[in-house]
Peer 1: 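Can you keep this structure in mind? I'll have questions shortly.
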Amino acid sequence: MAQGQTARDENELEHELAAMLDIERFEPPAEFVKHANLTDPAIYEQADSDWQGWWASQAERLHWFKRWDQVLDDSNPPFYKWFTGGKLNVSYNCLDRHVEAGLGDRVAYHWHGEEGEELDITYADLLDRVQRFANALKDLGIEKGDVVGIYMGMIPEVVVSMLACARIGAIHNVVFGGFSAESVRERMEFSQAKALITVDGAARKGNVAPVKQNVDAVMGDLEHLKHIIVVRSKGTECEMKAGRDVWYHEIVAAAAEVCPPEEMDAEDPLFILYTSGSTAKPKGIVHTTGGYLTGASSTHQNVFDLHADTDTYWCCADVGWITGHTYIVYGPLANATTGIMYEGAPDYPHRGIWWELVERYKATIFYTAPTAIRACIKWGAEHPDRFDLSSLRLLGTVGEPINPKAWLWYHKVIGGERCPIVDTWWQTETGAIMISPLPGITATKPGSATRPLPGVLAEVVDEHEGKPIDQGQGLLVLKRPWPSMLRTLYKEDDRFVQVYFKKFGIDTYFVGDAARRDKDGYFWVIGRVDDVVNVSGHRLSTAEVESAVVACESVAECAVIGQSDELTGQAITAFVTLQGTIDGTPEIEDEIRAGVAERIGKFARPKRIIFADDLPKTRSGKIMRRLLRDIAEGRALGDVTTLRDPSVMAVLEEKIQAEQAAEES
Ligand code: WT7
């Protein structure tokens, strides 16, 4: 607890939160509004009446070597182009121009290691490191347009690597450190990466994972992959293959100091980021230079009400996801922000570490996922209460719908009832936040992302005809292009059109989420309508997990569903039939979980495995996941008459009931 406070009574807190559930809306706090950048609601109408002009004004936030000729080229939808003819460099925008403006000594990141190591990296430091590493990449023969993989945890070199690629026009492809080496291999193969930047080992709650060894075990000989660059981070043993592997520190030491930024076209790709779709093959989301950075910079400024000279901003996502790309790296750096970068987990070395760091660095803005908030609730308010959180002035959430109780806890326990909460809805594909309050203008409602940002046109439409629904539930769509939208799926243009622009026509972006609008026009995002599961804000496709499970030796067939989970939002349940006459045992469950960890990553392991004799299938052999969802969640079964063998469900039901009875006793 902060000095002078008495311990909070959890029961009392529970009652206070329950009483607050009746509050329908929270106006922006007067004290906050007094200092907010944006306070005039007319901004929405103004942006709406000339949305291209609005985005052009946001592009003015950046430095352009050459201004654009045209704001939006929509001559070949849905392949939109923004700021055509414009030339810029992302690393120049994130670093050089701030140093040139005299901000070289400003801290870009207070980096904090898992074991308490600390490093303050200034803009001048970062520029120096990026130029040297960019030259080192060039020395290896990496050129503009080449794809470079990045696979490491939350260490400063990950940011340096991304910016060094951006500096020379190489396209980075970051793979989240929690993915398995197998997933890295697959993503390197799909993107035909020429180099991979990785680490010897990574910190994992007091242990060290031998990352390079794991990579070596599966990488084999990828024809395109010429170099593996290894950051010596933890001193973990690893082999260096002659002719392919080099040490980061060695090539950097040998590289020249100055590397002029490459003048990139606005539409040149900046990065690829693989994300899960409806099929087992991940989608390579392509983001470009000018539009993406415009969206990142604009939304980071406006949604977080950034005051770059006084704020200390902390987004505690991982750089390996889009949230990290846009709101740890590109948005904040483009805006000359001082940020916090934390290497570790929220419960290591203790369950109050986040709040200790908020106090230590006097964080003013804090951005996390609902699942993390729910974990903090479970651990108890005693942890945040031990620290002084009075520096905080704005809170944010992202990744999944937030349940009102978690929202209120965040508001009260972390925000001290003085901080607005921005619930930000967006996707890997949108590149930047699309639906969110503007904290000095928009009243919030717990559980709603409120309304689309200026310039964005979102609608809820009915499933069949795509007609707008004013109030009530339907499918979320976006009706106008926006600068930070994905441009395509890497080397899969047809799939891009098919997935996002087929359902309701070429001018309607199909989001894949169900949503509802209320009487005030506020949006309430409900969740995915496709076979995508959201576990702790991590996006997974059921097909991807199924193929990992089926690859296990004893498994014959598998169907995966997302089941609601109090802590993680959704959790994975796998229905599994086994080969021949093998019976399901705890050992086989272990084998399945280990198989999924190896093929995808630990975070994708099924929480629940249900062994079945058979799975419910239609006469054409399609597995009916809807029925599996009903049965797993204990709901009454819908129509089973279309099943080839309706008795399958009765057997399953009996089995699940027996399981539950055993658990309860
Ligand atoms: C899906 C996108 C965008 C960064 C993190 C996830 C869900 C995201 C919210 C929110 C309700 C949300 C949607 C979306 N989602 N933010 N504030 N409220 N749902 O990126 O992995 O591309 O997943 O996350 O279902 O489609 P992603």
Side-chain angles (χ1 to χ4, degrees), residues 14 347 371 374-375 377-380 400 403 405-406 527 531 533-536 538 540 542-618 623-641 643-665:
E14 183 82 19
D347 57 350
T371 186
R374 288 192 297 267
I377 297 175
K378 200 174 125 198
W379 298 336
E400 47 178 325
N403 46 311
K405 234 186 109 184
D531 293 319
V533 186
N534 189 330
V535 181
S536 302
H538 297 158
L540 282 161
T542 53
E544 209 173 339
V545 181
E546 280 164 9
S547 78
V549 172
V550 169
C552 298
E553 214 175 300
S554 3
V555 173
E557 213 177 14
C558 168
V560 160
I561 57 157
Q563 205 182 326
S564 26
D565 186 273
E566 251 186 44
L567 201 61
T568 57
Q570 284 188 301
I572 290 193
T573 297
F575 289 84
V576 174
T577 66
L578 297 173
Q579 300 278 5
T581 54
I582 312 179
D583 278 330
T585 60
E587 288 72 35
I588 295 183
E589 286 196 23
D590 290 347
E591 178 200 322
I592 290 172
R593 290 199 178 94
V596 173
E598 194 186 311
R599 286 175 196 101
I600 304 176
K602 282 190 180 163
F603 67 94
R605 287 176 299 188
K607 179 168 177 187
R608 191 170 169 203
I609 296 173
I610 298 170
F611 293 110
D613 301 331
D614 200 356
L615 298 173
K617 286 183 199 133
T618 59
I623 296 175
M624 291 192 70
R625 286 194 185 69
R626 178 177 56 80
L627 290 176
L628 293 174
R629 275 193 288 267
D630 286 345
I631 206 169
E633 303 213 353
R635 279 191 298 265
L637 292 182
D639 186 8
V640 295
T641 52
L643 288 181
R644 184 162 57 196
D645 176 6
S647 74
V648 169
M649 288 313 288
V651 177
L652 256 179
E653 211 165 11
E654 216 168 89
K655 179 145 191 160
I656 288 177
Q657 275 161 7
E659 225 175 68
Q660 270 155 0
E663 247 168 55
E664 276 155 25
S665 67

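Predicted model, so just to flag it, every value in this text is computed and none were measured.
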Peer 1: Which residues pass the side chain to side chain contact (heavy atoms under 4.5 Å, CB included) test with D614, not counting sequence neighbours?
Peer 2: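 So D614 forms a side chain to side chain contact (heavy atoms under 4.5 Å, CB included) with K617, V648.
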
Peer 1: Which heavy-atom pair separates V535 from A571 by the least distance, and what is that distance?
Peer 2: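 Heavy atoms only, the tightest pair is CG2-CA, 4.4 Å.
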
Peer 1: Take L627 and L643 through the side-chain contact (heavy atoms from CB on, under 4.5 Å) test and state the conclusion after the steps.
Peer 2: CA-CA 10 Å; L627 290 176; L643 288 181; 3.8 Å; yes

Peer 1: Give the minimum heavy-atom separation between L652 and P616, together with the two atoms involved.
Peer 2: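 Taking L652 first and P616 second, the nearest heavy atoms are CD1-CD, 4.2 Å.
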
Peer 1: So which heavy atom on E591 is nearest to which on C552, and how close?
Peer 2: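 Taking E591 first and C552 second, the nearest heavy atoms are OE2-CB, 3.7 Å.
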
Peer 1: R593 side chain to P606 main-chain N or O, any donor-acceptor pair under 3.5 Å?
Peer 2: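 Present.
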
Peer 1: I need the D630 CG to M624 CE distance, nearest 0.5 Å.
Peer 2: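 The CG atom of D630 sits 9.5 Å away from the CE atom of M624.
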
Peer 1: I need the Q563 CD to T573 OG1 distance, nearest 0.5 Å.
Peer 2: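 If we round to the nearest 0.5 Å, Q563:CD and T573:OG1 are 3.5 Å apart.
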
Peer 1: In Å, rounded to the nearest 0.5 Å, how long is the span from CD1 of I561 to CG of L628?
Peer 2: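 The CG atom of L628 is 6.0 Å from CD1 of I561, to the nearest 0.5 Å.
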
Peer 1: For T542 and R625, work out which heavy atoms get closest and say how close.
Peer 2: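 That would be OG1-NE, 4.2 Å.
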
Peer 1: Could you tell me if the side chain of Q570 sits less than 4.5 Å from the side chain of K607, heavy atoms only?
Peer 2: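 SC-SC contact between K607 and Q570 ruled out.
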
Peer 1: Report all side-chain donor-acceptor pairs from residues 574-583 shorter than 3.5 Å, counting only partners two or more places apart or in another chain.
Peer 2:
{"unit_1": "T577", "atom_1": "OG1", "unit_2": "E557", "atom_2": "N", "d": "3.2"}
{"unit_1": "Q579", "atom_1": "NE2", "unit_2": "V555", "atom_2": "O", "d": "3.1"}

Peer 1: Counting neighbours of CD on E633 that are heavy atoms of other residues, nucleotides or ligands and sit closer than 6.0 Å, is the number greater than 12?
Peer 2: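 Yes - once you tally the heavy atoms of other residues, nucleotides and ligands closer than 6.0 Å, there are more than 12.
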
Peer 1: Between the side chain of R608 and the main-chain N/O of A632, is any donor-acceptor distance below 3.5 Å?
Peer 2: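 Indeed, once roles are kept as given, a pair shorter than 3.5 Å links the two residues.
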
Peer 1: Can you check whether E566's main-chain N or O pairs, donor with acceptor, with R374's side chain at less than 3.5 Å?
Peer 2: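 Present.
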
Peer 1: Determine the minimum heavy-atom distance between C558 and V550, stating which atoms define it.
Peer 2: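 Closest approach of C558 to V550: CB-CG2, 3.8 Å.
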
Peer 1: Any heavy-atom pair between the side chains of R599 and E544 that's under 4.5 Å?
Peer 2: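 When only atoms from C-beta onward are counted, R599 and E544 do not touch, as no gap falls below 4.5 Å.
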
Peer 1: Restricting to pairs with a member in residues 645-658, which pass side-chain hydrogen bond (donor to acceptor under 3.5 Å, both in side chains), not counting sequence neighbours?
Peer 2: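 Sorted result for residues 645-658: D645-S647.
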
Peer 1: For a 4.5 angstrom cut-off between non-hydrogen side-chain atoms, does I600 reach L540?
Peer 2: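 In short, these two side chains touch, coming nearer than 4.5 Å.
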
Peer 1: Is R605 salt-bridged to E589, going by a charged N under 4.0 Å from an acidic O?
Peer 2: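 Looking at R605 and E589, the cut-off is not met.
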
